[in-house]
Amino acid sequence: MSLRARKQQSFRNNAALVAQRRHVVSTSSDAPGIDEKRSKLIFFTLFLGVCVFGGIREYLRNPSGSSNLKGQSEVRIYLSEGKNNSNFHSLLNAEEDSSLEFNHDDNTRYHVIFSTDCSPYQHWQSYLVYFSAMKIRQPGHVTRIASGCEGEDKTAMEKWFQDHIQGMSSRFHLHMTPHFSGVKNEQGETVGEYKFFNKPFGLKHWLEHADHFSLQQIDDIVILIDPDMILTRPILGDFSSETDTLIAKMRQPHILGRRVEHGLPFAQTYGFGAQWEKLDLDQIAGADSPAKLVDKMGGRLHYTVGPPYLATVQDMYQIALKWSEFVPLVHKQYPNLLAEMFAFSIAAAHLELKHQVIDSLMVSDTEIQGGEGWPLVDRIPNGEMCSFAKNHHQDSEYVLPSVLHMCQRYSVGNDWFFGKRRFPQDFFTCDHPLLKEPPDNLATAFDFKKPPNAPEPTELSPKLANRESFMVCFLTAVANEAATFFKKQACKSEKMNVKKSLKMVELFESYKEESQEETSER
């Protein structure tokens, strides 16, 4: 039997087993122990490379910013004030929403999924994912996988979804899972916490238990993204257009295909190389694992990947099973950030599922030299950049990368800044003001940036000024657009604050002190 036939037979066997157990309620609330190599574990992970290091750098620049993350076990859901959402008005009419069940160009059903915990920090990010998916008419289904919500928190989360998300589209879902992030020792005792376990285990749980989906839909395509990713155009499985699909020069002689299909997953380039090959793969994947046969170049060509990940349900489930099996073992050897991403790479290599790696699925780090979709953004003239970013629409002459990954701090001049760790967690409420929007000439008005808490200004080249302006202008505008949409559905008109009066820099004490000093000097 061929390798492809063995994989397909294995998938059918696993899918049948899941179908038999589909309605059995699991009593486990944590990830399995290090020594548990059961086939019931999970799959997905995201977050990595440049973004992980960017997040660390952001935290070190502004340790106090982490105060927004305190009390993550407590879900603070800000409820609407006095307006019944029975009159919810989506950007999609019922007929249009129904027509997006499948993408008609390839007759494929897509599933965009993203994993979160129950913290308010990821709650507002989730709203932006749903809103952006509605706005761009993303075909298929969109699901938030929320892990670890219990009791009143779970009830509040479900009510928020029904009141403020479900009306956007009948194809939007909330999937709740147990808590998976506990690290266990060989005796099965919880000895620590690694929150990124939620990604692989949450995804596996969704694949096996989602109420709108069946593992028998093997030809559907799953798209795994991060909660801090905003969609700018529909993500589809066809990458045949060379105009808006960027592939690194070193990979062009090794292109595996242009469409997602069985045996050919796709993913975004990430910058961690083949570090996972330095781990003890015998202990993780077994002495005879095909992952051990991947050389350094093969690792860079096909397994240096991160979100968005795209694969058929058949392939994604196979990866999920191995990913969830391997991730505790990887974490045991490498108890640091990236452990879950290394585990994903090892799982894919073990299954011999080479990825077609794409640069243009994402932008995040404005200073990166290659590996992201910035050449698409660089086509936009500096003089048009901020205006374009604030008013972007699908019919624009400039094609953007598929998602904006807001995992860095973005800044132009002294006053214009966007950073997710300082984003107000009560932004989607009736009385919270909107963000003040930058001027249209932002990219040409400043040749430096000085983000809050930075000791000195940093010079910006015209290219960097353009990129920083793009992120600040786009993120500010989409946050305002989403908040305005929220307020129109949830708030009485007299309580609806739509004033664009808040600058994010004003949330930093250092900025307030500098502003007071400048005022006194005048």
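Under the 6.0 Å cut-off for aromatic ring centres, Phe196 and Tyr194 qualify, their centroids lying closer than that. Phe342 has its ring centre no less than 6.0 Å from the ring centre of Phe326. A ring-centre distance under 6.0 Å is not found for Phe344 and Trp276. Ring centers of His355 and His302: at least 6.0 Å apart, outside the cut-off. Note: Phe266 and Tyr309 fail the aromatic proximity criterion, with ring centroids not under 6.0 Å apart. Aromatic ring centroids of Tyr130 and Phe172 lie under 6.0 Å apart.
We find the CG-CG distance between Leu301 and Leu256 to be 8.5 Å, quoted to the nearest 0.5 Å. Taken from OG in Ser181 to CG in Asn198, the straight-line distance is 5.0 Å, to the nearest 0.5 Å. With rounding to the nearest 0.5 angstrom, the CG atom of Asp295 is 11.0 Å from the CZ atom of Arg300.
Side-chain contact between Pro381 and Tyr398 is present, with heavy atoms from C-beta onward closer than 4.5 Å. Residues His405 and Asp226 have side chains in contact (heavy-atom distance under 4.5 Å, counting atoms from C-beta outward). Looking at heavy atoms from C-beta onward, Thr312 lies out of side-chain contact with Met316 at the 4.5 angstrom threshold. Contact of the Val112 side chain with the His141 side chain is not registered, since no non-hydrogen atoms from C-beta on lie closer than 4.5 Å. Between Tyr121 and Lys420 the shortest side-chain heavy-atom distance falls below 4.5 Å. Between Arg171 and Leu100 there is a side-chain heavy-atom pair separated by less than 4.5 Å. With contacts defined as side-chain heavy-atom distances shorter than 4.5 Å, the pair Thr269/Met362 does not qualify. Ile247 has its side chain within reach of Ile358: a pair of non-hydrogen atoms, C-beta onward, lies under 4.5 Å apart.
Taking the side-chain hydrogen bond (donor to acceptor under 3.5 Å, both in side chains) definition, one finds that Ser241 meets it with Asp244, sequence neighbours left out. The side chain to side chain contact (heavy atoms under 4.5 Å, CB included) check on Thr108 picks up Asp106, Tyr110, Ile221, with sequence neighbours excluded. Scanning for side-chain hydrogen bond (donor to acceptor under 3.5 Å, both in side chains) contacts around Asp219 gives His262, with sequence neighbours left out. Under the ring-ring contact (aromatic ring centres under 6.0 Å, His included) criterion, Phe417 pairs with Phe508, not counting sequence neighbours. Remark: Asp280 engages Asp282, Gln283, Gln333 in a side chain to side chain contact (heavy atoms under 4.5 Å, CB included) (not counting sequence neighbours). In this structure, the side-chain hydrogen bond (donor to acceptor under 3.5 Å, both in side chains) partners of Ser289, at least two apart in sequence or on a different chain, are His350. Residues meeting the side chain to side chain contact (heavy atoms under 4.5 Å, CB included) test with Ala465, sequence neighbours left out: Leu460. The salt bridge (charged side-chain N to carboxylate O under 4.0 Å, His left out) search around Glu242 returns Arg258, not counting sequence neighbours. Legend: residues meeting salt bridge (charged side-chain N to carboxylate O under 4.0 Å, His left out) with Lys354, ordered by chain and number and at least two apart, are absent. Under the rule for a side chain to side chain contact (heavy atoms under 4.5 Å, CB included), the partners of Ala482 that lie at least two apart in sequence or sit in another chain are Tyr127, Leu128, Phe131, Phe428.
Of all the heavy atoms in Pro308 and Leu310, the pair that sits closest is O-CD1, 4.0 Å. Listed here is the closest heavy atom pair of Ala248 and Asp359: N-OD2, 3.5 Å. Closest non-hydrogen pair, Glu372 versus Asp365, comes out as OE1-N, 3.2 Å. In terms of heavy-atom proximity, Leu264 sits nearest to Gly257 at CD2-CA, 3.7 Å. Here the closest heavy-atom approach between residue Thr116 and residue Pro227 is recorded as CG2-CB, 3.8 Å. Considering all non-hydrogen atoms of both residues, Gly306 and Ala267 come closest at O-CB, 3.7 Å.
A donor-acceptor pair is defined here as one N or O able to donate and one able to accept, closer than 3.5 Å; no such pair exists between the side chain of Lys199 and the backbone of Phe114. Although no hydrogens or angles enter the test, the distance criterion places a donor-acceptor pair under 3.5 Å between the side chain of Asp315 and the main chain of Gly263. Judged by distance alone, the side chain of Ser147 and the main-chain N or O of Thr177 form no donor-acceptor pair under 3.5 Å. At distances below 3.5 Å, at least one donor-acceptor pair connects side-chain atoms of Arg233 with backbone N or O atoms of Leu400. The backbone N or O of Ala274 sits nowhere less than 3.5 Å from a side-chain atom of Thr304 that would complete a donor-acceptor pair.
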**Report entry** Working for side-chain hydrogen bond (donor to acceptor under 3.5 Å, both in side chains), residues Gln408 and Ser364
**Finding:** CA-CA 7 Å; Gln408 303 281 330; Ser364 63; 5.0 Å; no
Query raised in the report: Given the rule in the side chain to side chain contact (heavy atoms under 4.5 Å, CB included) test, do Leu404 and Met229 qualify, once you have shown the distances and angles that lead to the verdict?
Result: CA-CA 5 Å; Leu404 270 60; Met229 289 180 167; over 6 Å; no
**Report entry** Intermediate values then yes/no, side chain to side chain contact (heavy atoms under 4.5 Å, CB included), Trp416 and Ser411
**Finding:** CA-CA 6 Å; Trp416 302 106; Ser411 179; over 6 Å; no
**Report entry** Working for side-chain hydrogen bond (donor to acceptor under 3.5 Å, both in side chains), residues Ser360 and Thr245
**Finding:** CA-CA 6 Å; Ser360 50; Thr245 300; 4.9 Å; no
Report task. Go through the steps for Met157 and Leu174 under the test side chain to side chain contact (heavy atoms under 4.5 Å, CB included), then give the verdict. Result -> CA-CA 9 Å; Met157 183 76 73; Leu174 173 66; 3.8 Å; yes
Report task. Evaluate the criterion side chain to side chain contact (heavy atoms under 4.5 Å, CB included) for residue pair Val183 and Phe197; output intermediate values, then yes/no. Result -> CA-CA 9 Å; Val183 176; Phe197 281 162; 3.7 Å; yes
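Donor-acceptor pairing under 3.5 Å is lacking for the side chains of Tyr334 and Gln275. Residues His205 and His175 have side chains that bring a donor and an acceptor to within less than 3.5 angstrom of each other.
Other residues, nucleotides and ligands place no more than 12 heavy atoms under 6.0 Å from the NZ atom of Lys463.
Pairs of residues two or more places apart, or lying in two chains, that qualify as salt bridge (charged side-chain N to carboxylate O under 4.0 Å, His left out) and include a residue from residues 132-149 are Glu96-Arg137, Lys135-Glu481. Residue pairs meeting the side-chain hydrogen bond (donor to acceptor under 3.5 Å, both in side chains) criterion with at least one partner in residues 464-477, sequence neighbours excluded, are Thr366-Glu468, Asp378-Arg467, Asn382-Asn466, Lys449-Glu468.
Ile319 pairs in a side chain to side chain contact (heavy atoms under 4.5 Å, CB included) with only one of the listed residues (Leu224, Leu351, Val222), which is Leu351.
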